[in-house]
Each structure stands twice: as structure tokens, then as C-alpha cells.
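Scope of the values below: all heavy atoms of this structure, side chains included, with no hydrogens, waters or symmetry mates.
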Amino acid sequence: MVAISRFALSVFALLAIYADPSQPARSSELAYYFLTAYVLYAGALALQTMRVSPGGIAALVVHAVDIAVFSVLIYLTEGPTSPFFVFFTFALFSATLRWSWHGVIATAILIVVIYGVLAATADIEHGEDTTRTILRSAYLIVAGVLFLYFVAILERERLRYARLAAWPAGTTTDERFPDLDPIFAHLSETTNVPRVLVVWEDHYEPHRYIAEFVGGSTRYSMEDAVDAEAVDPAPGKVKSRVRAAPRVGVHNEIPNQILTDHEILHSAMAPFDGASHSGWLFLVGERHLGDDLLPLAAIAALRIGAEIEHHYLRAKLVEAAVREGRSKLARDIHDSLLQSLAAIGLQLKALEQGLSLTESRQVVEIRNSIAEQQNRLRHFVSEARGDDRRHAVDALVEATVAKVLKEMEAQWNCKISQSVYPAGLLARRETAEGLSLFIAEAVANGVRHGGATRFQLDVVASEKALSVALRDNGSGLPGWSGAAPHEIVFGQNLGSASLRRRARDLGAVMNFFSSPDGLDINLTVPLK
């Protein structure tokens with residue numbers, strides 16, 4: 001680039017002299033031959049650099065020759081008012097490309113000194129020539145500062161890309177959301193923006209997921225994806241509040257609701273589009289953000305989109321592995337435990353003969369209990385094998401829960417009251433049975449660990465979720481008093497690990513309130 005620019009500049013300078021023989025006025029013949037020789041030199045150097053670029057000492061020598069030639073040409077023509085003054089700008093340009101800010105500072109100081117010497121030794125008339133000399137001196141200084149500023153911008157961008165390349169890895173603990181917190185913190189520090197917002201949608205589910213980084217932490221939330229007015233993110237069409245990177249994919253229109261709900265006034269935005277998820281990244285600032293953030297936003301958006309895709313892919317792989325494990329366990333249960341329980345039932349039936357009426361009733365109760373557990377195991381085996389067609393049918397929540405509560409009362413010798421609203425509430429069988437297992441585990445824990453004897457269960461349905469509240473009269477969580485929201489329950493592993501696991505399987509939000517008077521468990525189960 002430098003060699004070709006040098007050759008082109010010298011050729012046009014020679015053509016200018018040829019077209020206007022009156023210029024240069026001083027030492028015109030000598031300047032003409034000197035410039036012709038420089039054109040030949042520049043041409044040879046341009047041919048040479050096509051094969052090997054000069055580096056190190058050679059580049060420094062070539063740069064020194066350029067400055068020397070430019071100084072001589074200015075001296076031979078009109079001194080400080082010579083039109084060849086523009087060659088000094090080329091010297092600054094080549095120093096910028098070759099040696100960054102070091103070359104700019106050194107070259108700017110050198111040419112300002114040379115121009116000052118030429119101006120001091122020249123015979124300048126007052127008036128127009130003096131004004132031109134002063135303006136050109138100021139121009140050299142300002143040009144040096146501008147080139148230095150340009151180098152600073154380049155260095156900042158190089159540093160940003162280098163820091164962005166050191167992308168941190170997250171370790172998620174929530175199956176619903178990928179762990180974007182370290183990524184957001186790194187991106188916020190790299191781009192120097194106080195707030196990072198990512199909104200994405202599942203192509204196969206009617207949900208919109210939101211992750212917002214502000215104040216050093218990330219908040220996750222989920223809402224229904226509704227059709228809303230969209231804003232085309234093309235630059236120049238979103239007024240001045242959202243600056244958008246080049247669009248990719250097809251899911252790249254910004255719903256106006258996002259901008260309004262999250263009070264986005266100034267941001268650099270970039271879309272991302274994956275196999276199962278698509279969304280938008282917003283780098284949100286308190287004032288207008290420059291367009292230099294757009295390439296960074298585009299790179300970060302693609303990386304975050306890949307992180308989201310990988311998170312859900314890992315979740316599906318884990319789900320497939322669990323399903324395979326459950327299927328193997330089901331085969332083992334069917335081939336061993338169920339057969340053993342059937343044999344035990346037959347032996348107990350044989351023992352009934354010759355027993356007293358009281359003993360016979362006890363044996364019958366034991367047989368009934370074993371038969372109930374056999375039915376549960378058969379159901380589990382069918383479900384694990386994929387044979388259970390009933391999961392496609394909705395279940396009555398009240399009846400499903402009531403059956404489990406009756407068993408818990410008999411098993412743990414406690415009293416359980418229930419309330420389900422509205423009456424006749426239907427839910428997916430998978431959800432109803434998962435909720436029943438959760439309640440059974442909670443009752444068992446309340447009796448065993450909290451000494452509870454009474455429970456109150458309330459289930460209230462809304463359009464989007466089931467709100468479940470289970471209260472007992474036990475001693476509460478050991479070592480904890482007061483409210484424990486979902487983040488603390490899972491972050492500090494409060495309560496039973498099996499309860500947390502069942503809540504996670506339901507995709508539910510679980511909160512605790514513990515006191516010496518008992519434990520309140522509040523569960524919000526989304527209705528799919």
C-alpha cells in the first residue's frame with residue numbers, strides 16, 4: 001500500500017509540473033529532473049515490494065529517503081509555500097501504517113522541525129505567503145494529532161478483539177437457562193457498557209427467555225412469546241436509539257415491546273439465529289454508542305447464540321442418557337423386583353390359612369400394600385419403556401393428588417387437608433403425577449425431619465401456571481428462618497435434594513418460608 005501510494009503520488013506530481021511549466025518557479029529544471037529520478041525510484045520500489053516487503057532497517061531507510069526527498073523538493077520549488085508540501089502527509093500516513101504511534105510521533109516532530117527550518121531560511125513576503133506558512137505549520141501539527149488519534153482507535157479495537165477472544169466458560173446449574181453471567185461480565189468490561197441484555201426465543205416452544213446483566217449480576221426470566229410490533233434493525237430505520245449490526249438469518253426483527261419494556265434508549269444491537277433458538281443481543285449504554293461497537297456486538301451475539309444452542313443440546317443429551325438409564329432400570333425391576341414381590345404376595349396368601357382373624361387382616365393389609373407398590377412399579381416400567389399411552393391424556397389434578405394424600409396419611413399417620421381450585425382442574429398427566437410425587441416427598445420429609453403431624457395443601461390454577469402451597473406444623477428448616485426464594489434454595493442447596501430435583505423436573509419455581517411454627521413450601525408449576 002505504501003509503495004503503490006508513493007509511486008502514484010510522485011507520478012501525479014510529475015504530471016502536474018509537466019502540465020504547468022511555470023511551476024515550480026524556483027530551480028524548475030533541477031526540481032523536474034530530481035522528481036523524475038524519484039518517480040523511477042518509487043516505481044522500482046513498488047515492483048520490489050510485490051515480491052518482498054522491506055522490513056526493519058530497510059523500511060526505516062526508505063522512510064528517511066522519503067522525508068529527505070520531500071524536503072529537497074520543497075526547498076527547490078517555493079519553500080514553505082511549495083505545493084509539494086502535501087508529500088509530508090504521505091510521510092505521516094506511511095509512518096502510521098508501519099510503526100503505529102511511535103512512528104507518528106517521531107515523523108510528526110521531524111517534519112515540523114524541517115518545515116520550521118525551511119520557513120526560517122526562506123525569503124517569505126508578508127501577506128499571503130506568511131498566512132499560508134502559518135496555516136501549513138498548524139496543519140502539520142493537527143494532522144499528526146489526528147493520525148495519532150487514529151492509531152489509538154486501532155490499538156483500542158485490537159485490544160477489544162484480543163480481550164473478547166478470551167471468552168470465559170460458564171457452568172450452568174439451571175436446566176432452563178445457560179450460565180451467561182461470566183460471559184456478560186467479560187463482555188461488559190470489554191465494551192465498557194454498563195448493561196447487557198439478551199432476549200431469545202425457542203422455535204418449538206411459545207416462550208421468550210430474557211437474561212439481563214446489570215450491576216455485576218445476571219437476572220433470568222421467562223415470558224410468553226407474543227406477536228408484537230417489530231422494528232426493522234437496519235441502520236437509519238430505528239431512528240438513533242438502536243444501532244444495529246449487519247443482519248443475519250431470518251429471525252432478526254426487534255419486537256418493539258422489548259425496547260419499551262426494558263427501557264432501551266441507546267444500544268448497539270445484533271441478532272443471532274440458530275437451529276432451535278434465535279434472539280437479539282443489546283449492549284445498552286446511558287448515552288449514544290458509537291458504531292465501532294457494532295462488529296463486537298455481532299461477534300458476541302453469534303458466540304452467545306452458540307452458547308445457548310450448546311446448553312439446550314447438552315440438556316437434550318442428558319435427557320436422552322437419563323431416559324436410557326431409566327429404561328435399563330425398568331428392565332432390571334421387571335425381571336427381578338416385580339417377580340420377587342409377586343412371590344412374596346403368594347407366600348403371604350398361603351400364610352393366611354390357620355391365622356386368627358386379627359392376624360389375617362394384618363396380612364391382608366400387607367398384601368394390599370405390596371400390590372399397590374407393584375402397580376406403581378408396573379406403571380414406572382411402562383413409562384420408562386415408552387409403553388404408557390396414558391401420558392397423552394390429561395388427568396384430574398384433584399383426584400390424582402387425593403389418592404397420594406390418602407396413602408401418605410395411612411403411611412405416616414398424619415392429617416392432610418387439601419383444596420384444589422377450580423374444581424375439575426385438568427393438567428397433563430405427566431405434570432399431575434410429577435406434582436403428586438413432589439407432594440409425597442414433601443410430606444415424608446415434613447414428618448421425618450420436622451416432626452409434622454398436620455398439613456394443608458392448596459392448589460390454585462391460573463391461565464399459565466399452577467400455584468401450589470404446602471404448609472405443615474413441624475419445626476421448619478434446620479438452621480434457617482424466614483423466606484428463601486428460588487435462587488437461594490437452589491444456590492445454597494436448602495431443603496431436600498430430592499425436592500429440588502423434582503421441582504427442576506417440573507420446571508417449577510420453588511420458594512420456602514421457614515419458622516419454628518412450621519415450613520411453607522410454595523411451588524409455581526408452568527402449564528404447558
Side-chain angles (χ1 to χ4, degrees), residues 167-202 205-226 228 241-242 254-272 274 277-286 289 297 300-301 303-312 314-315 462 464-465 467 482-494 500 503-504 506-513 522-526:
W167 199 271
T171 55
T172 182
T173 57
D174 192 332
E175 293 182 0
R176 295 176 301 168
F177 302 105
D179 184 16
L180 300 176
D181 192 64
I183 296 174
F184 284 169
H186 179 71
L187 185 58
S188 176
E189 181 182 2
T190 301
T191 58
N192 196 29
V193 296
R195 183 178 165 208
V196 180
L197 178 70
V198 172
V199 182
W200 72 95
E201 297 178 358
D202 192 325
E205 295 287 344
H207 300 305
R208 177 176 294 156
Y209 304 92
I210 300 168
E212 182 177 16
F213 177 86
V214 61
S217 62
T218 303
R219 296 194 301 268
Y220 298 92
S221 59
M222 182 176 68
E223 62 184 25
D224 288 341
V226 296
R241 66 177 184 173
V242 176
I254 312 169
N256 195 40
Q257 181 185 358
I258 296 177
L259 304 179
T260 303
D261 292 348
H262 297 279
E263 299 179 352
I264 299 176
L265 296 178
H266 306 287
S267 73
M269 171 269 172
F272 58 88
H277 294 81
S278 60
W280 308 267
L281 164 68
F282 297 90
L283 303 178
V284 185
E286 297 176 353
L289 301 177
R303 183 64 179 84
I304 290 173
E307 190 72 23
I308 293 173
E309 289 285 335
H310 290 168
H311 167 76
Y312 288 104
R314 287 192 297 267
S462 65
K464 300 178 181 179
S467 296
H486 178 85
E487 293 77 10
I488 294 180
V489 170
F490 284 85
Q492 300 186 17
N493 296 328
L494 293 182
R500 294 195 302 273
R504 189 181 295 115
L506 287 167
V509 175
M510 182 170 64
N511 304 315
F512 290 158
F513 185 86
N522 295 292
L523 198 70
T524 303
V525 184

* How about Asn192: does its CG atom have over 12 heavy atoms from other parts shown lying under 6.0 Å from it? ->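 Counting neighbours around CG of Asn192, 12 or fewer heavy atoms of other residues, nucleotides or ligands fall under 6.0 Å, so no.
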
What is the distance from atom [atom1] of [X] to atom [atom2] of [Y], rounded to the nearest 0.5 Å?
| X | Y | atom1 | atom2 | value |
| --- | --- | --- | --- | --- |
| Leu494 | Arg500 | CG | CZ | 7.5 Å |
| Met269 | Leu197 | CE | CG | 11.0 Å |
| Leu281 | Phe272 | CG | CZ | 7.5 Å |
| Leu283 | Ile264 | CG | CD1 | 10.5 Å |
| Asn511 | Glu487 | CG | CD | 8.0 Å |

Taking all non-hydrogen atoms of both residues into account, name the closest pair between [X] and [Y] and its distance.
| X | Y | result |
| --- | --- | --- |
| Phe282 | Ser267 | CD2-OG, 3.8 Å |
| Gly507 | Pro526 | O-CD, 3.1 Å |
| His266 | Glu286 | CD2-O, 3.7 Å |
| Ala508 | His486 | O-CE1, 3.7 Å |
| Asp181 | Gly216 | OD1-O, 4.3 Å |
| Ser188 | Val196 | CB-CG2, 4.2 Å |

* Would you find a donor on one side and an acceptor on the other, under 3.5 Å apart, between the side chain of Thr524 and the backbone of Ser467? ->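 Checked: no pair found.
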
Decide yes or no for [X] and [Y]: does some side-chain heavy atom of the first lie under 4.5 Å from some side-chain heavy atom of the second?
| X | Y | result |
| --- | --- | --- |
| Leu523 | Leu506 | yes |
| Val284 | Val214 | no |
| Trp200 | Pro178 | yes |
| Leu180 | Tyr220 | yes |
| Phe213 | Ile183 | no |
| Phe184 | Glu212 | no |
| Glu201 | Trp280 | yes |

* To do: Go through the structure and list residues passing salt bridge (charged side-chain N to carboxylate O under 4.0 Å, His left out) with Glu309, not counting sequence neighbours.
  =>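 So Glu309 forms no salt bridge (charged side-chain N to carboxylate O under 4.0 Å, His left out) with any residue.
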
* **Counterpart residues, ring-ring contact (aromatic ring centres under 6.0 Å, His included), relative to Phe512 (two or more places apart)** =>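 Counting only residues at least two positions away or on another chain, Phe512 forms no ring-ring contact (aromatic ring centres under 6.0 Å, His included).
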
* Using the ring of each side chain (for Trp, its six-membered ring), is His277 parallel, tilted or perpendicular to Tyr209, with breaks at 30° and 60°? ->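 The arrangement is tilted - the two ring planes meet at 30° to 60°.
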
